There are 2 protein chains.
Amino acid sequence: MGNFKIGELAAAAGVGRDTIRYYERMGLLREPARTAAGYRLYDATDLERVNFIRSAQELGFTLDQARQLLALRASDTAHAQAVLDITLAKITDAEVRLKRLSDIRDMLRLLADECPGEVPVSDCPILTFLTERRRSDHRKI
Amino acid sequence: MGNFKIGELAAAAGVGRDTIRYYERMGLLREPARTAAGYRLYDATDLERVNFIRSAQELGFTLDQARQLLALRASDTAHAQAVLDITLAKITDAEVRLKRLSDIRDMLRLLADECPGEVPVSDCPILTFLTERRRSDHRKI
DNA sequence: ATGCCGGTTGGACCATGGTCCAGGGTCAAG
DNA sequence: CTTGACCCTGGACCATGGTCCAACCGGCAT
């Protein structure tokens, strides 16, 4: 009972058919049962898996990490610490990227604030900055 | 005076030779003069261009945007407003991404704080969250 | 003249996460 | 019986910013 064909699974999960086949190739979904004609047959646990993967992606996990999380979930010996470790690494990673990106934003904002707009490009402080910067370089932004 | 071969330009700019040729193919660098043997010959303005591109990249501009900035810099009719517009768009873009990423970090942090570690994965709140989440979905994270 | 470094080309390949296509088979409705 | 919607496969293709490769040529030192 409750068997879907690929299109139905895809629609239920809000992804494309090709995405389902891609996940299968990537080892995120099991090889499904088939009808006599070769059609893939899925059930509710497959839908749940696809939903899990999508949720993980929304939290910034890669497909590879989603696969690790699925493997941990399926294990009966693993402890939650393993999941926590992955999560903590992801948090650190997010913080590094937040720092880099906010530094960039701050620098752009400084430059934008200095730029009067109504001058020829030759007087644009943004271009001047990009042009001059390397004379004293090799520090990170 | 001051002509470099590609390897010298690459070393001076701190990039690979292939990167120089790649920039040429992408239209970021002019087609350089050649020696009789077909070797590319560069000068200080080419080095300065590569440095400009690298600086732009460090500020989060794509190569495509770097090309636009170079075109503006070379124009004698453009005004600084055009550069400012690109920069402001980049700032907005950075802010959107900062918001998304910090929302993700916050959610991960909440989940990590709830996770005791020393329990079987079946009791891991992170996995539970990923498993359950889609029952009430379709809002952005 | 021999070795070696560095130059040339076109094209393949990397990661990431898919998307699309051709050329065929299947299935239910009209 | 035909039409249309769906499914199958293998492989190409997308963006991004390069990197690496083979197979060849140039130029300098020993």
Side-chain angles (χ1 to χ4, degrees), chain A residues 3-29 31-43 46 49-70 90 93-94 97 100-101 104, chain B residues 3-29 31-43 46 49-70 90 93-94 97 100-101 104:
Chain A
N3 286 308
F4 333 130
K5 282 177 288 181
I6 194 169
E8 292 160 344
L9 174 60
V15 304
R17 288 187 249 318
D18 283 339
T19 302
I20 300 296
R21 287 190 277 247
Y22 177 71
Y23 287 175
E24 181 183 330
R25 275 208 305 291
M26 294 297 107
L28 289 154
L29 296 178
E31 300 208 0
R34 303 278 188 148
T35 67
Y39 289 16
R40 288 170 178 80
L41 279 185
Y42 297 99
D43 62 25
D46 296 301
R49 253 178 113 83
V50 177
N51 284 336
F52 182 100
I53 294 163
R54 292 263 123 176
S55 297
Q57 279 189 299
E58 283 175 17
L59 282 184
F61 293 104
T62 64
L63 291 184
D64 195 68
Q65 290 165 331
R67 182 172 31 228
Q68 291 175 45
L69 292 173
L70 283 165
K90 204 77 204 165
D93 188 79
R97 291 195 291 133
R100 272 213 307 266
L101 191 50
I104 285 173
Chain B
N3 286 307
F4 333 130
K5 281 177 289 180
I6 193 169
E8 293 161 344
L9 173 60
V15 304
R17 290 183 201 73
D18 283 340
T19 301
I20 302 295
R21 288 191 277 247
Y22 176 70
Y23 287 174
E24 181 184 328
R25 275 208 306 291
M26 294 298 106
L28 288 153
L29 297 178
E31 300 208 359
R34 303 278 187 148
T35 67
Y39 290 15
R40 287 171 178 79
L41 279 185
Y42 297 99
D43 62 24
D46 296 300
R49 253 180 113 82
V50 177
N51 283 336
F52 182 99
I53 293 163
R54 292 264 120 173
S55 298
Q57 279 189 299
E58 282 174 17
L59 282 184
F61 293 103
T62 63
L63 291 183
D64 194 69
Q65 290 165 332
R67 181 172 32 227
Q68 291 175 47
L69 292 173
L70 283 165
K90 205 76 204 165
D93 187 80
R97 291 195 292 132
R100 273 212 307 267
L101 192 51
I104 284 172

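Every chain is numbered from 1, with letters handed out A, B, ... down the list of sequences. All figures in this text were calculated on a predicted structure; none of them were measured in a lab.
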Length of the line joining A/Glu24:CD and D/dC8:C1', which is rounded to integer Å: 12 Å
Looking at B/Arg17, I'd like to know whether one of its side-chain N or O atoms comes within less than 4.0 Å of OP1 or OP2 on C/dG7. yes
Note: for A/Thr35 and A/Val15 on DNA chain C, the residue whose nearest nucleotide lies more 5' is A/Val15
For C/dG6, does either OP1 or OP2 sit under 4.0 Å from a side-chain N or O belonging to B/Arg40? no
Side-chain N or O of A/Tyr22 less than 4.0 angstrom from OP1 or OP2 on C/dT16? no
Counting the atoms with a prime plus P, OP1 and OP2 as sugar-phosphate, which does A/Thr62 contact under 4.0 Å by heavy atoms, base, sugar-phosphate, or nothing? sugar-phosphate
For side chain to side chain contact (heavy atoms under 4.5 Å, CB included), just list the numbers for A/Arg40 and A/Lys5, CA-CA rounded to whole Å, side-chain angles, deciding distance to a tenth of an Å, and then say yes or no. CA-CA 6 Å; A/Arg40 288 170 178 80; A/Lys5 282 177 288 181; over 6 Å; no
Is there a donor N/O on one and an acceptor N/O on the other, under 3.5 Å, for the side chain of A/Tyr39 and the base of C/dG25? yes
Does B/Arg54 place a side-chain N or O at less than 4.0 Å from the phosphate oxygens OP1/OP2 of D/dG18? yes
Can you work out whether A/Asp18 or B/Lys5 has the more 5'-proximal nearest nucleotide on DNA chain C? B/Lys5
Between C1' on D/dC8 and CD on A/Glu31, what's the gap in Å once rounded to a whole number? 14 Å
Nearest-angstrom distance from the residue atom CE of B/Met26 to P of D/dT16: 11 Å
Does B/Gln57 put a side-chain nitrogen or oxygen below 4.0 Å from OP1 or OP2 of D/dG18? yes
Please determine whether a side-chain nitrogen or oxygen atom of A/Arg34 lies at a distance below 4.0 Å from atom OP1 or OP2 of C/dT26. no
Between P on C/dA15 and CZ on A/Arg67, what's the gap in Å once rounded to a whole number? 12 Å
Tell me whether the side-chain N/O atoms of A/Thr19 come closer than 4.0 Å to OP1 or OP2 in C/dT19. yes
Whole angstroms only, please: what is the CG-P distance between B/Asp64 and D/dG17? 8 Å
note: A/Ile20, atom CD1; D/dC7, atom P; distance rounded to Å ~ 11 Å
Looking only at the side chain of B/Leu63 (C-beta and beyond, no hydrogens), which of the listed nucleotides D/dG17, C/dG17, D/dT9 gets closest? D/dG17
Using only side-chain N and O atoms of B/Arg21, determine if any of them is under 4.0 Å from OP1 or OP2 of C/dT8. yes
Are B/Arg49 and B/Asp46 within salt-bridge range, i.e. N to O under 4.0 Å? no
Checking side chain to side chain contact (heavy atoms under 4.5 Å, CB included) for the pair B/Tyr22/B/Leu28: CA distance, chi angles, key distance, verdict? CA-CA 9 Å; B/Tyr22 176 70; B/Leu28 288 153; 6.0 Å; no
Ignoring the backbone of B/Ile6, work out which of C/dT26, D/dG18, C/dG7 is nearest its side chain. C/dG7
Applying the side-chain contact (heavy atoms from CB on, under 4.5 Å) test to A/Tyr42, which of A/Val50, A/Asn3, A/Ile20 qualifies? A/Ile20
When the distance from CG of B/Leu41 to P of D/dG27 is rounded to whole Å, what number comes out? 11 Å
Please state how far atom CG in B/Leu28 lies from atom P in D/dT16, giving the value in whole angstrom units. 12 Å
Evaluate the criterion side chain to side chain contact (heavy atoms under 4.5 Å, CB included) for residue pair B/Thr19 and B/Arg54; output intermediate values, then yes/no. CA-CA 11 Å; B/Thr19 301; B/Arg54 292 264 120 173; 4.1 Å; yes
Just by distance, do the side chain of B/Lys90 and the backbone of B/Gly60 share a donor-acceptor pair under 3.5 Å? yes
